[in-house]
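Here the structure comes first, spelled out in structure tokens, and everything after it is commentary.
What you see is a predicted model, and the numbers here were worked out from it, not measured in a lab.
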Amino acid sequence: MGSPEHVEPAEHARRVRAVFSTILVAILPWLIAPTKVQPDTKLDLTVSPWLYLSRAIDAWNSHAGLGELQNQAYGYLFPFGPVMAVAQSAGMPAWAAQRFWWSLLLVVAFTGTYFVGRRIFRLESDFALVAAALYALAPRVLTVLSEISIEAWPGALAPWLLLVAWAMVQAKPGQQGAARPVLFRAAAWTALLTLSLGGVNATASAVVLALPFLAIVTAPAAARRWRALAFWSAGVVIGSAWWLIPLFVLAQYGYPFLDFIETARITTAVTSVPNVLRGADHWIAYILDSQSHPVWQAGWVQAQGLIAIVAGSVAAGAGAAGLIILSRDGQRRPAASFATTSAVLGVTLMAVGHSQFAGSTVADSVRAFLDGSGAAFRNVHKADPLVRLPLAIGVALLLSKTRFSARRSVRFAGVGVVVAAVLSPTALWAGRGGDANSYSQIPPAWISAAEEIDTLAQQSGGSTLILPAARTAEFGWGKTSDEPLSALAKSPIVVRAAAPLGHPGATRILDAIDDSVATATAQPGLSAALQRMGITRVVVRHGVLDLVQSRPADRVEQTLAASAGFTKLRSFDDLTLWQVGSGETADVVSYPSADLVVSGGPESLLPL
């Protein structure tokens, strides 16, 4: 029997520190507003994930009462959706399932960056841990973690994609035969990792692929980089096919809602070079609601907090200095070439459309492109991993140099960098890593209302319209972002979404309905119009926060009470359920075109 492998005490201690650090990173998400459910990405994944995943298989979403093409819903099929579904099946409450997903995300990013530091940049273990922590807990990660964490997932996989690509270009001359199996294995791993990126946000997934691409094309010519690029490209195509092909179908037939949401002027307004370098590049982090409260609390702290600004700027400066030191290291020239190219490219992509502080001279042209054919890349902050990973490595490199300096001032500066690195995830230490209006649970009254709606739908069919419309679902009891009844009910729910995916005509008529019910006066043709649309029930929701700026629910109630064809069925605390007409959908009547002339848009159908 062979003797156990002997491990030096120093090496054992390094391994212990690495494992301990990984566990600590995994614990951090559980300290963010414990027991509180956050409005992260998709409400359905905390309410009924398996049901939502079954709907995501189809391109057409009939659950949205008037019907729509789903926007990249298939992307939830892996890995985000199954993780949440399995967590729920294992008995985890909604808030714990979220934290489990966040822990997975941070640990994947942390360990991947650690190995990048060790294998590509040849950092000592402790300094690789510094780089890993800076990347995993980067400002943009904390900005989106409690709000739309799926945007951070591709960045978490980016270091692993980089490691695989790096292995492709490490074959030495004269080892062509031995290199081929390496390329095949690396291509297979690339396919698996690309598959795991998910397709919820195709742009974010595509952007991080630039990191392994740059690692290959900046490799020395002797590395046979073009052959490696061919194998890598094959892996990317195979791995992305499951979410890329449906994306092409969506682009062909889907409603171009990107033309009617945020513009490039908004998304690039905050991407100055200093903001990009320190990681405060997400435009939503700078927005206040109508009552001057941050829309995203953690993002606001990272973008606007004094400590975060100073710490982030120092860390960014240290990272840039570390990259300069790396560029002078002849033994690590390929790694230096990759890191510098990635950082410069990332800064350029995000800052080139910024026209204000230290702005770009071609900003107007860039914004025009982003508002036109380049609309999919309008949210330029998604290029953050291209900058964040090299700068995190740069900080670690700088600290590794200052440790051995004989000059006291240099060592003192190194201590300052360490302090800045520790303080940079300011939202965590300030206890503001979660959303300010998170909630413990959806009120039982909402669950009862959903059950009643489903019972009535089984009896008489039809859809349920939610009134009044609101830009986002934010109530006195909490913020869900998505409409709660849409996630709770199994029958079709009609709601005017902030980013509508259905036919423009459907959106226009829903806006007209919202205007008409806010008049607090009788609307003679409203009931008949709703029945023709297949709507047999209306739910009036009270308790929507004023900051959402929806119509007054009391006026909606007055309108329905004064209008013929509406019957109040019952109330569920701050929800009121109304029946439309007899509770059954109306027969569709066709008219010869010669006998009917309508002058106007879809909203003109209401008074007919």
Side-chain angles (χ1 to χ4, degrees), residues 14 17-18 20-22 24-25 28 106 109-110 112-118 120-143 159 272-281 301-329 332 335-336 339-340 342-344 346-347 384-430:
R14 283 193 292 269
R17 288 195 294 272
F20 177 79
S21 299
T22 305
L24 180 61
V25 168
L28 285 177
L106 295 186
F110 182 84
T113 307
Y114 173 78
F115 287 118
V116 165
R118 293 284 283 160
I120 298 179
F121 295 93
R122 287 178 276 173
L123 290 168
E124 292 184 23
S125 178
D126 291 343
F127 294 109
L129 290 175
V130 172
L134 282 171
Y135 184 74
L137 302 176
R140 182 174 175 273
V141 174
L142 297 181
T143 295
S272 63
V273 172
N275 282 348
V276 167
L277 288 174
R278 68 184 182 91
D281 42 44
V301 172
Q302 293 298 144
Q304 301 281 55
L306 178 60
I307 294 177
I309 292 173
V310 174
S313 298
V314 171
L323 292 182
I324 293 173
I325 293 173
L326 179 64
S327 66
R328 298 172 179 173
D329 188 339
R332 292 184 282 191
T340 303
S342 178
V344 171
V347 171
D384 186 78
L386 301 184
V387 178
R388 208 57 43 214
L389 185 58
L391 288 184
I393 295 294
V395 171
L397 284 165
L398 181 68
L399 291 176
S400 69
K401 295 296 183 182
T402 59
R403 181 183 62 167
F404 299 110
S405 176
R407 297 171 58 185
R408 180 179 300 177
S409 59
V410 173
R411 294 197 303 271
F412 181 78
V415 172
V417 171
V418 171
V419 172
V422 171
L423 293 177
S424 61
T426 311
L428 281 180
W429 315 135

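- Looking at heavy atoms from C-beta onward, L277 lies in side-chain contact with V273 at the 4.5 angstrom threshold.
- Expressed to the nearest 0.5 Å, how far CG of L397 lies from OG1 of T402 amounts to 11.0 Å.
- Here the shortest heavy-atom pairing between P159 and G112 reads CB-C, 3.4 Å.
- With Q304 contributing its side chain and I309 its backbone, the two residues share no donor-acceptor pair below 3.5 Å.
- Between W429 and V422, the shortest heavy-atom distance links the atoms NE1-O, 2.6 Å.
- The closest donor-acceptor contact from the side chain of E124 to the backbone of S400 lies at 3.5 Å or more, if one exists at all.
- Summarising the geometry of G279 relative to P139, their closest heavy-atom pair is O-CB, 3.6 Å, with the distance given to 0.1 Å.
- Rounding to the nearest 0.5 Å gives a distance of 8.5 Å between OH of Y114 and OG1 of T22.
- Put simply, OG1 on T426 and CD on Q302 are 5.0 Å apart, with the number rounded to the nearest 0.5 Å.
- Atom CG of L423 sits in a crowded spot, with more than 12 heavy atoms from other residues, nucleotides or ligands closer than 6.0 Å.
- Put simply, the side chain of V141 reaches to within 4.5 Å of the side chain of L106, judged on heavy atoms.
- Scanning all heavy atoms of the two residues, the minimum distance from S21 to F110 falls at CB-CZ, 3.8 Å.
- For the pair A343 and V387, the tightest heavy-atom approach, listed with the atom from each and the gap, is O-CG2, 3.8 Å.
- How far CG of D281 is from CZ of R388: 6.5 Å, rounded to the nearest 0.5 Å.
- Residues F115 and I120 are not in side-chain contact: their nearest non-hydrogen atoms beyond the backbone lie 4.5 Å or more apart.
- Side-chain contact between V395 and L134 is present, with heavy atoms from C-beta onward closer than 4.5 Å.
- With values rounded to the nearest 0.5 angstrom, I393 atom CD1 is found 5.5 Å from L389 atom CG.
- Side chain of R278 to main chain of A316: no donor-acceptor pair is present (N/O by atom type, distance under 3.5 Å, no hydrogens or angles).
- For the atom pair L142 CG and L28 CG, the distance stands at 9.5 Å (nearest 0.5 Å).
- For the pair A311 and A420, the tightest heavy-atom approach, listed with the atom from each and the gap, is CB-O, 3.5 Å.
- Checked by atom type and distance alone, the side chain of S342 never pairs as donor or acceptor with a backbone atom of A339 at under 3.5 Å.
- Between the side chain of R403 and the backbone N or O of L398, no donor-acceptor pair lies under 3.5 Å.
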